Amino acid sequence: MIRTEVVANWPGQWARKPGLICGVDMPLRSGEHHLIVTQKMEGAPPDLLVMRDSDCSIRFKEEEGGLVMGGFDPVTV
């Protein structure tokens, strides 16, 4: 048996299961993501910030001269 005051639970989206084994209920749920990746686009600025539209559950960002567009689950906890 190992006794400690602090435990780092770091398995990402799988963190809930080790927590339950230790008697800790973590309200964690994975969200499914779908992405659209474009080819290089003339005029796509390389310093484009990530843009997120919470009302439409979508985000955009520059990637290799094109755009990555992806939806996100608005109810992910």
Side-chain angles (χ1 to χ4, degrees):
M1 176 184 286
I2 298 172
R3 295 179 187 268
T4 181
E5 292 182 20
V6 178
V7 174
N9 181 2
W10 226 301
Q13 69 181 14
W14 299 277
R16 183 174 162 86
K17 188 171 183 179
L20 290 173
I21 291 169
C22 297
V24 178
D25 186 14
M26 291 184 278
L28 182 69
R29 177 171 92 68
S30 295
E32 187 173 347
H33 299 284
H34 299 279
L35 298 175
I36 298 169
V37 182
T38 71
Q39 295 179 341
K40 288 187 177 185
M41 298 172 62
E42 192 173 319
D47 58 349
L48 182 69
L49 299 175
V50 175
M51 298 179 293
R52 178 174 168 164
D53 182 339
S54 296
D55 293 334
C56 295
S57 301
I58 193 164
R59 60 190 160 90
F60 303 85
K61 73 180 198 91
E62 184 274 337
E63 182 77 27
E64 306 259 338
L67 289 177
V68 173
M69 297 165 276
F72 58 90
D73 186 351
V75 296
T76 299
V77 190

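Keep in mind it's a predicted model, so treat the numbers as computed, not measured.
- Ile58 and Met41 fall within the same hydrophobic cluster, defined by Ile, Leu, Val, Met, Phe, Trp and Tyr side-chain heavy atoms under 4.5 Å apart, directly or through other members.
- Looking only at distances, a side-chain donor or acceptor of Thr38 sits under 3.5 Å from a matching main-chain atom of Leu67.
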Do Val68 and Ile36 pass the side chain to side chain contact (heavy atoms under 4.5 Å, CB included) test, and can you show the C-alpha distance, the side-chain angles, and the key distance before you say yes or no?
-> CA-CA 6 Å; Val68 173; Ile36 298 169; over 6 Å; no

Side chain to side chain contact (heavy atoms under 4.5 Å, CB included) evaluation trace for Glu63 with Leu48 | CA-CA 9 Å; Glu63 182 77 27; Leu48 182 69; over 6 Å; no

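- Proximity of a side-chain donor or acceptor of Glu42 to a complementary backbone N or O of Ala44 within less than 3.5 Å is not detected.
- Hydrophobic clustering of Ile, Leu, Val, Met, Phe, Trp and Tyr side chains at less than 4.5 Å, counting indirect connections, unites Met69 with Met51.
- Closest of all the heavy-atom pairs between Ala15 and Pro18 is O-CD, 3.3 Å.
- Arg16 places a side-chain N or O within 3.5 Å of a backbone atom of Met26 that can act as its donor or acceptor partner.
- When all heavy atoms are compared, the tightest approach of Glu64 to Lys40 is O-CG, 3.3 Å.
- Residues Asp55 and Asp53 approach most closely at N-OD1, 3.0 Å, considering heavy atoms.
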